[in-house]
Every structure is written in C-alpha cells, then in structure tokens.
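Structure record follows, encoded as structure tokens.
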Amino acid sequence: MTTGELLKNIISITALITILWIGGNLFEEFFGSIWRAIFEFLLILMYVIIVLKFRVHLPFLKKKKEDEDISQ
C-alpha cells in the first residue's frame, strides 16, 4: 500500500466517523434510534464496498447462462 492510498483510507475513515457521529445524532433526534442504527449500518456497508472494494455477491443479479444443446 502506497502512502497516497494509506492517506486516502485515513481521510475516508475519519470522514465516515464524523458523518456517523453527527448524522447519527440528527437521525436519532428526528427519526428514532432504530433508524439511526439502520443509517449507520448502511454507511458502514457503503464504506466497506466502495473504499475497501469488497464485492457483494447477490445471486439474483447473476445472469443465468443458457444451456447449450448437447447435440452440437
């Protein structure tokens, strides 16, 4: 990992923590604690997928391959 990538990750995690803290407080104030938990979970999930580049395998998004005719 290069210095630039490490710096990008540190800045991203700092921004995520700030958004979770401030945004979480606002969500809890207006919508309740359940919605705050959902909001925080979705933000963390987006961070993991976008910044850490984890892949999410959703079976319904895969295209089914058409079976070729055996006689060919």
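All residue numbers refer to positions in the sequence shown, counting from 1.
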**Request:** Give the cluster check for W21 versus I44: same hydrophobic cluster or not, with ILVMFWY residues linked at side-chain heavy-atom distances below 4.5 Å.
**Result:** no
**Prompt:** Looking at E28 and S33, what are the two nearest heavy atoms and their distance?
**Reply:** OE2-CB, 3.9 Å
**Prompt:** Quick one: do L26 and I34 end up in the same hydrophobic cluster if we chain Ile, Leu, Val, Met, Phe, Trp and Tyr together by side-chain heavy atoms under 4.5 Å apart?
**Reply:** yes
**Request:** Report whether V48 and F41 are members of the same hydrophobic cluster (ILVMFWY, side-chain heavy atoms less than 4.5 Å apart, transitive linking).
**Result:** yes
**Asked** Does CG in L6 sit with more than 12 non-hydrogen atoms of other residues, nucleotides or ligands closer than 6.0 Å?
**Response** yes
**Message:** If you count every heavy atom of other residues, nucleotides or ligands that lies below 6.0 Å from E29 atom CD, does the total exceed 12?
**Reply:** no
**Prompt:** I22 pairs by side-chain contact (heavy atoms from CB on, under 4.5 Å) with which of T18, I19, L20, N25?
**Reply:** T18
**Request:** Say whether I49 and L42 are linked into one hydrophobic cluster, either directly or through other cluster members, by side-chain heavy-atom distances under 4.5 angstrom.
**Result:** yes
**Shortest non-hydrogen separation from Y47 to N9 and the atoms involved** = OH-O, 3.9 Å
**Request:** Heavy atoms only: give me the nearest F27-R36 pair and the separation to one decimal.
**Result:** CB-CA, 4.2 Å
